[in-house]
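In what follows, a single structure is set out as structure tokens and then discussed.
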Amino acid sequence: MNKVVISGSGLYTPPYSVSNDELVNCYNSYVDQFNQQNAAEIEAGNTHALAYSSSEFIEKASGIKSRYVMVKDGILDTNIMMPLIADRPSESLSMQAEMGIEAANQALQQANLTAEDIDLVIVACAYTQRAYPAIAIEIQQAMGTKGFAYDMLVACSSATFAIVNAVNAIRGGTANRVLVINPELTSPQINFRDRDSHFIFGDVATAVVVERAELSTSTNAFSVLSTRCVTEYSSNIRSNFGFVNRCDPENATTSDKLFHQQGRKVFKELLPMIYQHLDAQFTDEQIKPEEFKRLWLHQANINMNLFVVKKLLGDNVEPTQAPIVLDEYANTASAGSVIAFHKFNQDFKTGDLGLLCSFGAGYSIGSIVLEKC
Ligand code: CO8
């Protein structure tokens, strides 16, 4: 079987940042507006008054301080509360292709490769902005990569599952060098009028090059030692957005067509799954958790990450062992663990071990053990 390495990574950070205070000010103005407009119904007990959001709650409950967005116009306008993203003509590059190419070029540069060296592109993210033609094929055309390309969606585990697909394609001989790209354009799916979730997500794009070890000339390559994926159906993180929505016009834009979740339940149900999943993988691979120099974990909630890390490594964990990026980027769906990997791997020496791990909707968990070459 071909040995496989991750030989480069890239990160595209969108141009606009939105702070918790900006978001909360807008949300609270909307609450005042709603409660005023519905005063009679609220008084009569037919409608619940909306409660204020707060930056203190957001930071304490999630660890998020700000997020990036591709388009800020509209998000902070109480009458709009969504990014105003204009339709582009079919001949123009799509927004997700544009974001993905920026990250992909960085990953190629780090891997010491050019686009023609790539024979498979996988675009993996929580949403693609259209069903077809695949964003990956659009990127293939725009960058000039060879071979074939496809899109895949597994919510927050899209990036790790796609890396596993890339590894298997190389091991099986259907590709030699794969670009895995995660253009996470989440802001159009955020319900900015929902207090429970208006603060959670941000936009970003990440990319990694996965290639046959013997072909790699990268000076910063990581050998893939072990991969593992698991899924278990749950509706606790859900969006009912889809191509059938228009067939029921009355319900086509109801709030269930945007991201929504039972955050507490997710917390309680997913954490034991993550721990059991990793424990089984480490046992099978005969690796002790303390042998990892770093855990590049999914970035949904700081308290969730602290729980996983403490369970694996004990109470005396240094912040550098499991870096947090969600304070600046918020939850970027599947890109979070790849951002952490990209930003925090330069101090690795030959033989150092790291774990890339995602967890989220589905439920889904993907984990990859990496060793610095
Ligand atoms: N401001 C002030 N108070 C608030 C707010 C707010 N914004 N929101 C809730 N509260 C209140 C609640 O009403 C509640 O009040 P009370 O006790 O009176 O009922 C109190 O604060 C506590 O509420 P919670 O119990 O809900 O608060 P938590 O401590 O559980 O924190 C979190 C909420 C942050 C949502 C937390 O539960 C969490 O992060 N859970 C993990 C969820 C998770 O990991 N989800 C993964 C989702 S991402 C994913 O899988 C990818 C999907 C695809 C991408 C989608 C792109 C859009």
Side-chain angles (χ1 to χ4, degrees), residues 5-17 67-71 93-129 134-145 149-154 156-163 165-166 177-188 201-211 218 220-222 296 298-299 323 325-326 328-346 356 358 366 368 370:
V5 293
I6 293 181
S7 54
S9 60
L11 166 65
Y12 167 71
T13 301
Y16 305 103
S17 176
R67 71 284 296 143
Y68 292 100
V69 291
M70 289 299 287
V71 172
L93 208 57
S94 66
M95 187 173 270
Q96 281 185 299
E98 188 182 291
M99 296 166 73
I101 288 169
E102 294 276 348
N105 279 327
Q106 286 179 32
L108 283 177
Q109 200 180 5
Q110 219 185 76
N112 216 8
L113 298 173
T114 60
E116 305 92 79
D117 297 317
I118 298 296
D119 51 12
L120 169 58
V121 175
I122 308 175
V123 161
C125 47
Y127 304 91
T128 51
Q129 63 185 95
I135 307 288
I137 304 176
E138 185 185 3
I139 290 178
Q140 175 189 20
Q141 159 76 16
M143 292 184 71
T145 63
Y150 63 87
D151 294 350
M152 57 175 276
L153 312 177
V154 204
C156 285
S157 292
S158 302
T160 52
F161 278 38
I163 293 171
N165 272 7
R177 289 179 168 132
V178 187
L179 252 177
V180 173
I181 308 176
N182 323 107
E184 291 290 7
L185 183 59
T186 64
S187 55
F201 294 98
D203 301 334
V204 85
T206 51
V208 293
V209 172
V210 186
E211 63 177 322
S218 168
N220 194 35
F222 289 78
W296 301 290
H298 180 56
Q299 305 280 321
V325 301
L326 56 71
E328 179 185 349
Y329 284 86
N331 181 340
T332 49
S334 79
S337 57
V338 185
I339 304 176
F341 170 75
H342 175 79
K343 283 174 101 75
F344 299 99
N345 72 35
Q346 291 77 11
L356 189 68
S358 68
I368 300 167
L370 297 171

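Remember, it's a predicted structure, so these values are computed and weren't measured experimentally.
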Donor + acceptor pair across side chains of E138, S94 (<3.5 Å): yes
Minimum side-chain heavy-atom gap L179-M143 below 4.5 Å: yes
Matching residue for I181 among I139, T206, I101 - test: side-chain contact (heavy atoms from CB on, under 4.5 Å): I139
Exercise: do S9 and H342 side chains pair donor with acceptor under 3.5 Å: yes
No-hydrogen, no-angle side-chain donor-acceptor test under 3.5 Å, T145 and Q140: no
Donor-acceptor contact present, side-chain D151 to main-chain A134, <3.5 Å: no
Residue of the set K343, Q299, R67 for which side-chain contact (heavy atoms from CB on, under 4.5 Å) holds with Y329: K343
Shortest non-hydrogen contact from I135 toward A97: CG2-N, 3.9 Å
Side chain to side chain donor-acceptor pair (under 3.5 Å): pairs with one or both residues in residues 98-109, sequence neighbours excluded: R88-E98
Closest non-hydrogen atom pair between G202 and A330, with its separation: N-CB, 4.1 Å
From M95 atom CE to M70 atom CE, the distance as rounded to the nearest 0.5 Å: 4.5 Å
Derivation and outcome, side-chain contact (heavy atoms from CB on, under 4.5 Å), residues V123 and Y150: CA-CA 6 Å; V123 161; Y150 63 87; over 6 Å; no
Validation row: V178, E211 side chains within 4.5 angstrom (heavy atoms): no
A333 to T186 - nearest heavy-atom pair and separation: CB-CG2, 4.2 Å
Minimal non-hydrogen separation, G336 against V325, with atom names: O-CG2, 4.1 Å
Donor on one side chain, acceptor on other, N112 and S218, under 3.5 Å: no
Which atom of S187 lies closest to which atom of V69, heavy atoms considered: CB-CG1, 4.1 Å
N165/M152 under side-chain contact (heavy atoms from CB on, under 4.5 Å): CA gap, chis, key distance, verdict: CA-CA 10 Å; N165 272 7; M152 57 175 276; 3.4 Å; yes
Between T128 and Q96: side-chain donor-acceptor atoms closer than 3.5 Å: no
Any side-chain donor near an acceptor of the partner, E328 and Y68, under 3.5 Å: yes
I163 side chain reached by L356 side chain, heavy atoms, under 4.5 Å: yes
Close side-chain approach of L113 to R177, heavy-atom, < 4.5 Å: yes
V209 side chain reached by Q110 side chain, heavy atoms, under 4.5 Å: no
Non-hydrogen side-chain atoms of S358 and S157 separated by less than 4.5 Å: yes
Y12: side-chain hydrogen bond (donor to acceptor under 3.5 Å, both in side chains) partners, not counting sequence neighbours: none
Distance (rounded to the nearest 0.5 Å) between S158 OG and Y127 OH: 10.5 Å
Min side-chain heavy-atom separation N345-F222 under 4.5 Å: yes
Separation of N182 CG from T160 OG1 (nearest 0.5 Å): 9.0 Å
Closest heavy-atom pair and its distance - A205, P183: CB-CA, 3.9 Å
Heavy atoms from other residues, nucleotides or ligands near CZ of F344 exceed 12 (cutoff 6.0 Å): yes
E116, CD atom: more than 12 neighbouring heavy atoms under 6.0 Å: yes
Pairwise distance CG(L326) to OG1(T332) - rounded to 0.5 angstrom: 8.5 Å
Within-4.5 Å side-chain heavy-atom neighbours: I339 and W296: no
